[in-house]
Amino acid sequence: MSRVRLFIDHPLGAGQAVGLTADQAHYLFGVMRLGQGDRLTVFNGRDGGWSAEIAVASKRRGQVTALAQTAPQQMPPDLWLIFAPIKKARTDFIVEKATEMGAARIMPVQTEFTNAERIRQDRLQAHAVEAAEQCGGTYVPPVEDLVPLRRVLADWPSERRILWADEARFGPADTLAGLARGPWAVLIGPEGGFSQAEREMVGALEVVTPISLGPRILRADTAAVAALTLFQAHLGDW
């Protein structure tokens, strides 16, 4: 595997020439010090990983040519992460770790106690791309824009179950024994927890399974990693 991996939103195939954006050219030629003839790995989230050769290299533009597929497309489990954004750096952390750990879709939601009233969806999507480039994955989960939790749950598909990391449940972490594989989502609350009205709304849904993440109260970003780990170990592809 090449030490440099680059996500390219373009179809890939043997002999396919792909132009680079100015940011990609800066990264490859200014930061990584690559030049014409050097090799790297590229992927687009659909066609697996490909070895590629730099055909054109300049400060603000470039072109690579796909040579051969080096890895098949690896899709994550059908798992969505729903979480309430927190401070900027910690929200970035959640998106990065969710990408690394195999979330198929990342959904920030607004709750009554959510600290952030808006997000930079494009910036968070860029963090997901960077995480996929660094962890060797071939899939980049879409990061949705911020929407109210009530709206998300009002249109929730009945076939997708929700694993609710309920901060009010303490004790040994649940094992998820007996739960069936299939479409799932993990729901993580805001730093202040869900309001009573939100708790009643979530708890009333038939698709919801509340779980404990252990005997200690976890920060929202830690809870996201813990819940994804628990899911992957029992119902995912680990």
Side-chain angles (χ1 to χ4, degrees), residues 1-14 16 18 20-21 23-28 31-32 34 38-54 62 64-83 85 89-108 119-145 160 163 181-186 188 221-238:
M1 182 182 296
S2 170
R3 67 186 179 92
V4 177
R5 303 182 76 252
L6 189 68
F7 173 80
I8 295 179
D9 189 13
H10 192 282
L12 293 174
Q16 178 70 57
V18 181
L20 302 175
T21 66
D23 287 343
Q24 290 172 331
H26 171 72
Y27 170 70
L28 292 182
V31 178
M32 301 307 297
L34 299 184
D38 285 336
R39 300 285 180 91
L40 68 153
T41 297
V42 296
F43 65 102
N44 61 7
R46 304 180 298 275
D47 300 320
W50 286 76
S51 63
E53 182 175 280
I54 296 173
V64 300
T65 302
L67 303 176
Q69 189 181 55
T70 57
Q73 179 62 32
Q74 183 178 12
M75 300 299 290
D78 191 0
L79 173 65
W80 300 354
L81 173 65
I82 311 169
F83 75 100
R90 291 167 60 192
T91 295
D92 294 347
F93 175 88
I94 290 175
V95 170
E96 291 166 1
K97 299 312 168 189
T99 300
E100 292 176 19
M101 298 180 72
R105 185 181 182 189
I106 301 174
M107 305 172 66
I119 62 169
R120 280 282 306 278
Q121 183 272 339
D122 58 339
R123 186 179 60 82
L124 292 178
Q125 187 66 67
H127 278 292
V129 168
E130 292 173 4
E133 290 174 341
Q134 294 170 6
C135 75
T138 56
Y139 177 80
V140 179
V143 181
E144 308 294 339
D145 206 352
R160 183 174 298 275
L163 206 61
R181 295 176 183 268
W184 279 91
V186 166
I188 304 295
D221 47 345
T222 307
V225 172
L228 290 171
T229 300
L230 192 63
F231 176 91
Q232 285 285 43
H234 294 276
L235 300 174
D237 60 3
W238 285 11

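Sequence positions, counted from 1, serve as the residue numbers for this chain.
Of all non-hydrogen atoms in Val225 and Met101, the two that sit nearest each other are O-CE, 3.6 Å. Smallest separation of non-hydrogen atoms from Val95 and Ile106: O-CD1, 3.9 Å. Smallest separation of non-hydrogen atoms from Ala185 and Ile82: CB-CD1, 4.0 Å. The minimum heavy-atom distance between Phe231 and Pro77, with the atom names listed, is CE2-CB, 4.3 Å.
Listed by chain and residue number, Arg160 satisfy the salt bridge (Lys or Arg N to Asp or Glu O under 4.0 Å) test with Asp78 (two or more places apart in sequence, or in another chain). Glu96 pairs by the salt bridge (Lys or Arg N to Asp or Glu O under 4.0 Å) definition with nothing, not counting sequence neighbours. With sequence neighbours excluded, the residues forming a side chain to side chain contact (heavy atoms under 4.5 Å, CB included) with Arg120 are Asp122, Arg123, listed by chain and number. Partners of Ala224 by side chain to side chain contact (heavy atoms under 4.5 Å, CB included), not counting sequence neighbours, listed by chain and number: Ile94, Ile188. In terms of the side-chain hydrogen bond (donor to acceptor under 3.5 Å, both in side chains) criterion, residue partners of Glu100 (sequence neighbours excluded) are, by chain and number, Lys97. Considering only residues two or more places apart in sequence or on other chains, Gln232 meets the side-chain hydrogen bond (donor to acceptor under 3.5 Å, both in side chains) condition with Asp237.
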Enumerate, atom names and distances included, each donor-acceptor pair closer than 3.5 Å involving a side-chain atom of residues 130-143, sequence neighbours excluded.
{"from": "Glu133", "atom 1": "OE2", "to": "Phe7", "atom 2": "N", "distance (Å)": "2.9"}
{"from": "Thr138", "atom 1": "OG1", "to": "Gln74", "atom 2": "N", "distance (Å)": "2.9"}
{"from": "Tyr139", "atom 1": "OH", "to": "Ala104", "atom 2": "O", "distance (Å)": "2.8"}

List the atom pairs, donor and acceptor, that lie under 3.5 Å between side-chain atoms in residues 43-50 and the rest of the protein, sequence neighbours left out.
{"from": "Asn44", "atom 1": "OD1", "to": "Arg46", "atom 2": "N", "distance (Å)": "2.8"}
{"from": "Asn44", "atom 1": "OD1", "to": "Asp47", "atom 2": "N", "distance (Å)": "2.8"}
{"from": "Asn44", "atom 1": "ND2", "to": "His10", "atom 2": "O", "distance (Å)": "2.9"}
{"from": "Asn44", "atom 1": "ND2", "to": "Asp47", "atom 2": "OD2", "distance (Å)": "2.7"}
{"from": "Arg46", "atom 1": "NH1", "to": "Asn44", "atom 2": "O", "distance (Å)": "3.4"}
{"from": "Asp47", "atom 1": "OD2", "to": "Leu12", "atom 2": "N", "distance (Å)": "3.2"}
{"from": "Trp50", "atom 1": "NE1", "to": "Asp47", "atom 2": "O", "distance (Å)": "2.9"}

